[in-house]
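Scope of the values below: all heavy atoms of this structure, side chains included, with no hydrogens, waters or symmetry mates. Chain identifiers are assigned alphabetically (A, B, ...) following the order of the sequence lines, protein sequences preceding nucleic acid strands; residue numbering begins at 1 within each chain.
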Protein chains: 2
Amino acid sequence: MTTLQEIMSPKSIAIVGASDNKARIGGRPLAHMIEQKFSGGIFPINPNRDTVQGIKAYSSLLDVKEDLDFILVAVPSQLVVSVLKQAVEKKAKTALIFSSGFSEIGGQGEIYQSQIKKISKDSGLRVIGPNCLGLFNSATNFYPTFTSTIDRATPRPGGISIASQSGAYGSHIYMVAHQRGLGIRYWMTTGNEVDLSVGETIQLMAEDPDVHSIMAYAESVKDGKQFTKALDTARSEKKPVIFMKVGRSEVGAAAANSHTASLAGEDAVYDEVLRAHGAYRVRSTEEMLDVAYATKPRIFPAGKNLGLVTISGGGGVLMADAAFDEGLTVGPMPEDAQDKLKELVPFASPMNPVDVTAQFFNDLSIVPKFTDLMLSRGGYDALIGFWTSVAGSPLLSKPLLSSLKHAMTGYEDKLFINCMVAPEEIVKTYENEGFLCIEDPTRAVVAMSALMFFGEKFNVNKIKKDFKKNKYFINNPQKKLNEIDCSEILRSANLPIVKSSRIENIEDVSSIYENDNNKYVMKILSADIQHKTDVGGVILNIENIDQAKEAFKKINKNVREKAPKAIIDGMMISPMIKGGIECILGAKIDPVFGPIVMFGLGGIYTEVMKDISFAEAPVSSKKAEKMISSLKSKDVFFGARGQPPVDIKSLIEAIVNLSNLIAANSDWVDQVEMNPILVSENRVVALDALIVTK
Amino acid sequence: MTTLQEIMSPKSIAIVGASDNKARIGGRPLAHMIEQKFSGGIFPINPNRDTVQGIKAYSSLLDVKEDLDFILVAVPSQLVVSVLKQAVEKKAKTALIFSSGFSEIGGQGEIYQSQIKKISKDSGLRVIGPNCLGLFNSATNFYPTFTSTIDRATPRPGGISIASQSGAYGSHIYMVAHQRGLGIRYWMTTGNEVDLSVGETIQLMAEDPDVHSIMAYAESVKDGKQFTKALDTARSEKKPVIFMKVGRSEVGAAAANSHTASLAGEDAVYDEVLRAHGAYRVRSTEEMLDVAYATKPRIFPAGKNLGLVTISGGGGVLMADAAFDEGLTVGPMPEDAQDKLKELVPFASPMNPVDVTAQFFNDLSIVPKFTDLMLSRGGYDALIGFWTSVAGSPLLSKPLLSSLKHAMTGYEDKLFINCMVAPEEIVKTYENEGFLCIEDPTRAVVAMSALMFFGEKFNVNKIKKDFKKNKYFINNPQKKLNEIDCSEILRSANLPIVKSSRIENIEDVSSIYENDNNKYVMKILSADIQHKTDVGGVILNIENIDQAKEAFKKINKNVREKAPKAIIDGMMISPMIKGGIECILGAKIDPVFGPIVMFGLGGIYTEVMKDISFAEAPVSSKKAEKMISSLKSKDVFFGARGQPPVDIKSLIEAIVNLSNLIAANSDWVDQVEMNPILVSENRVVALDALIVTK
């Protein structure tokens, strides 16, 4: 097993393609490590020179007598493979490849890349890149990177690390983090990810004791299992993973493909996987920085009830709106505590947001009194104080700070964010006392919601039950499945699907109407005919035996005319069921994350409203219920506004059972779609079902 | 008619309650105006002193011989009315009341406030406040405000003005605007708005030649007509109104009420009214500042096609995602232009986002070549360039800037935002050349979308047709309306509603089934019975005369038992119609904005999905179509994904007709609800309708 230490703290580094020109790609890392006094051995490789930047140069890796831990490769793509072979011979642990011209350009580049992959796999040499901007370890002054950002911004010490697929965007994140005053320990970009992926990078960071929080950027993930394992490790170590996954939009996803030469999975699935495994997905770089900044005190609130204290009614309303958008609770103060607040300041709004009013200017001692009541009586999980530029006033900033310190005494486990507009030196005095300061109130609320998300995720004791695959295993039928086949397979997996009958002869219909006065639908049964209506293969509203017989004849005639070559398995006849909410229940094998179950609104709303929940299969009953309750249309199911609730128990059972089916049979099932599935007060039943095999 | 000049550029100011203590509310404005050298006359009113802050003091307004334009009132609430009477006697134009203790505390405060209102109305004295933090005019050093922000931040010259209901939040906006380097001309807070409202303030600013852009903050609007007129004026003057309307959430709205003592209208209506009248609604203060900043060059793109040029593929993807979120187009470059880009840089992504790649470092001349091709061939309405910290590099920032200047020559009407991370002094060099610089790429895209919104709104030549009220006028029936009454009124207004019949006797049913084999529904007709099902007053699925007769008897019996006192108008019998999309079409009189028409998804989805469009009535056909196309579920109506489109023409007609009805009859109609209205391929028909009269 590789550790971050092995990669990031080598005893020696060789730079193949080292340049005397400090501005060139092969010169920059060398110049920087000399300047920053990297204490390990540095071995420039350049067959044309005796020294490079004043250090003895070698003509090849093999000329170096000493052990080489880390090989930095900055030569044209066609030379990289031979360099790596030498690296293996030298028993190096890691090779980092700056060079581009690999899978991102296709053709010969693709071939080179697969050769690199093979070398890495066969030899155990860890390879980073190719097409990679490099990495750094700020604690050891190890800078194998040609990013220009570090020339202008020498990293500060700190516990935040950055893992980025994109070098340029990774540099951008580093730069804004530095400007924000954050200390970055490890910075790693992964390029084409022939070996080390952003997923494994997160894993290594999660396992490293010096890393507190992880900022990550990815356009796509290649190995879903490794990726989710990394997120799980970070969560169990209570290390926030702050994730930017781009490519949400069509144009964005297309651009992401051209950029990284790999297939971007479905965004909704990424969204669910990140959330489920405890990574917070940000919507902008600024949000990423805010959240990373806010993880500094390492306090992750236990709940989502937010207390707001403000000196501006307007600021309070604005923050309450933002909290609503983020799904937080802004619960009211208990009435007797409100009375106490009113005693202190008669014009105060005591509900929450608690408005101290301008009274604050006359008597700062009301701040600790107010916050104390909020913390002791309001039951809030965290507070945000809106002090605007008043906190930046030379007269008030110090007394406010001591007031706040006084207020927080005894509540050290509660997170407190100050919204304040103040010069940097004043903000620093607050930060030095352990307070967080975010100028914009909306951003403060969003950062708080991220910390509450981590609080929730870190508090879950994830006991993963063994999934008994055998229990749900179904033999691969090894044939094209018609609708009756599909419905029988699903029924055998305890999935609710309408009982249809297969009839072969016109006489068989008689039995159907014996003890039933439902209307029926008749359909042609044929795995060869995809769109049955188009060939006249479906007749609805059949009320009696005579109509059934007529329908049988008519369908047969239609199909013989319009699809003469199709193999016909007979006819399917099913009762027509109405009523209930039209939903869709499905499952599929995601190319990245494997078995996925999905549930949501069906019919015309499926594609239009996109109100669908996804989850990795198998799911527990609890998770299935969460899938339903995370729908925008959840009230339709749980029975708000005078509607009775649906049969949630059966619905949950159906979701769980389908998730077990796809999880246990992913070797031959590719996709299952139960659409429509009617969900009503006393019944859950699918009218149609489709299994796509591999 | 008042002008902004009259209020904001008085020749003299009296300060009633002037204090010698520069820290007190009555001392601050005086101190500030002395320090900033306000050139008009200053008359402190303080009966206890001969001078205040070195200036001769008077014991009352009436002791001042000179004319007084502007009266600043900083005395306890119980003294304010008598001061205002003196102000009227002195023929002052404006009185600004700092004092609190009015409608925001109720009781006696309420009474004082209505007295102030009467004085203002009777005399024509313009009153600002009470409970108001004041205002300033930075061009004349006129500072009747006790905000502490101006002590720390003397306003810069500029064309942006701020109108805010909240004093504290208005100060916050000012402070962050100042920090952002923005020059603020007028800053006005309106407090309890007994006379001057935020709406009229916007009107005055829109009419003032020195104002270029308006930032506004409101918790609620009192006079909808005045407000929308103000927005219309700003739009026709091509002055962006950047609006923060808080109170979106339940808790937020509740807090807004307690804070301003006025009823917050329905948020979705505010949202529509702001958009319709060309004001851009921001979601955060930071967004407000970004947009205000971006209005500086006063370029408002003509369309929404955004070109993205980047040196980081990741940055490009991220901006494309953000553009998608904002509803912008990121259209591809024409193929031959893509080929040209590829010729320049073989590894470039030429689609859009256009990725210049690291090649940029070697040859900056590709920047103008790329942007020129994008501007000349891509047909983009505006560009964003993502240069990250490279633009901040001492080596590259200048050449990049000249490169960009070169690129933009000939495209001076195109807006260009640079995303760059750079020291302030470098950013300034870009801004001085007319470029906008926003560090965060997501924020840059959002600001761009706001400018494109203004571009769209400013280009609309709003020709308001005269609305012929008479044409749609319906006589007030002056009685409680039963369902037949309602449906007849609506049918007379050309609204599609199912034809129901009223029957009085059991024999009348016969005629119904003569030439029809629909199923029917029978309902008790009574304006006294609200919930007809609850009293057994509704029977469905009546198939023939016999069933109809039986139903008639049964309903009569049920109602006689369960609602013996109700006045019965007979029975209503209507055909049962199925099929189509269940929608809701309604109209109401909004307490702030008057007649409103609404349309959206009906049935269980109305409240759950909240997919409803609002518009001020009357609407044009074009606006009605826009209402449909702005629904999340729009594809359901316009027929995407294999579904046929619905009968859009009839649907539009129905929306227009209902909007005319509510607009012409708002003196007696309070609300109309056609629910459900079934919308299908070949028909639009409401099954039920309700008119609520005033």
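In terms of non-hydrogen atom pairs under 4.5 Å with chain A, the most contact-rich of Gly316(B), Pro441(B), Ala322(B), Ser148(B) is Pro441(B). Considering only heavy-atom pairs separated by less than 4.5 Å from chain A, the leading option among Tyr169(B), Phe324(B), Phe386(B) is Tyr169(B). Of all the listed residues (Thr285(A), Asp151(A), Leu318(A)), the one sharing the greatest number of non-hydrogen pairs under 4.5 Å with chain B is Leu318(A). Between chain B and the options Glu287(A), Arg248(A), Met175(A), heavy-atom pairs under 4.5 Å are most frequent for Arg248(A). Of all the listed residues (Ser393(B), Ser100(B), Pro332(B)), the one sharing the greatest number of non-hydrogen pairs under 4.5 Å with chain A is Ser393(B). Among Val421(B), Leu396(B), Leu289(B), the residue making the largest number of heavy-atom pairs under 4.5 Å with chain A is Val421(B). For the set Ser249(A), Ser164(A), Gly331(A), Ala168(A), the count of heavy-atom pairs under 4.5 angstrom toward chain B peaks at Ser249(A). Of the listed residues (Pro394(B), Gly392(B), Ala320(B)), the one with the most heavy-atom contacts under 4.5 Å to chain A is Ala320(B).
The OG atom of Ser389(B) lies 8.5 Å from the CD atom of Gln179(A); values are rounded to the nearest 0.5 Å. Atom-to-atom distance recorded for Ile311(B):CD1 and His172(A):NE2 is 10.0 Å, nearest 0.5 angstrom.
Other residues, nucleotides and ligands place more than 12 heavy atoms under 6.0 Å from the NZ atom of Lys342(A).
Contact of Ile105(B) with chain A is made through the side chain alone, with heavy-atom distances under 4.5 Å. For a residue to count as touching a neighbouring chain, one of its non-hydrogen atoms must lie under 4.5 Å from one of that chain's; by this rule Met244(B) touches chain A with the side chain only. Looking at Ala153(B), there are no atoms closer than 4.5 Å to chain A (heavy atoms on both sides), in backbone or side chain. Only the side chain of Leu601(B) comes within less than 4.5 Å of a heavy atom in chain A; its backbone stays farther off. Contact annotation for Asp325(B): only side-chain heavy atoms (C-beta onward) come within less than 4.5 Å of a heavy atom of chain A. At a 4.5 Å heavy-atom cutoff, Pro346(B) makes no contact with chain A through either its backbone or its side chain. Heavy atoms of Arg152(B) lying under 4.5 Å from chain A belong exclusively to its side chain. Interface residue Asp321(B): backbone and side-chain heavy atoms are both found under 4.5 Å from chain A. Contact annotation for Glu439(B): both backbone and side-chain heavy atoms come within less than 4.5 Å of a heavy atom of chain A. Of the two parts of Arg443(B), only the side chain, counted from C-beta on, holds a non-hydrogen atom closer than 4.5 Å to a non-hydrogen atom of chain A.
Using a 4.5 Å cut-off on side-chain heavy atoms (C-beta onward), Arg283(A) and Thr442(B) make no contact. Within the 4.5 Å cutoff, the side chain of Thr388(A) has no heavy atoms near those of the Ser171(B) side chain.
Taking both residues in full, the closest heavy atoms of Glu219(A) and Gly314(B) are given as OE2-CA, 3.4 Å, listed atom of the first, atom of the second, then distance.
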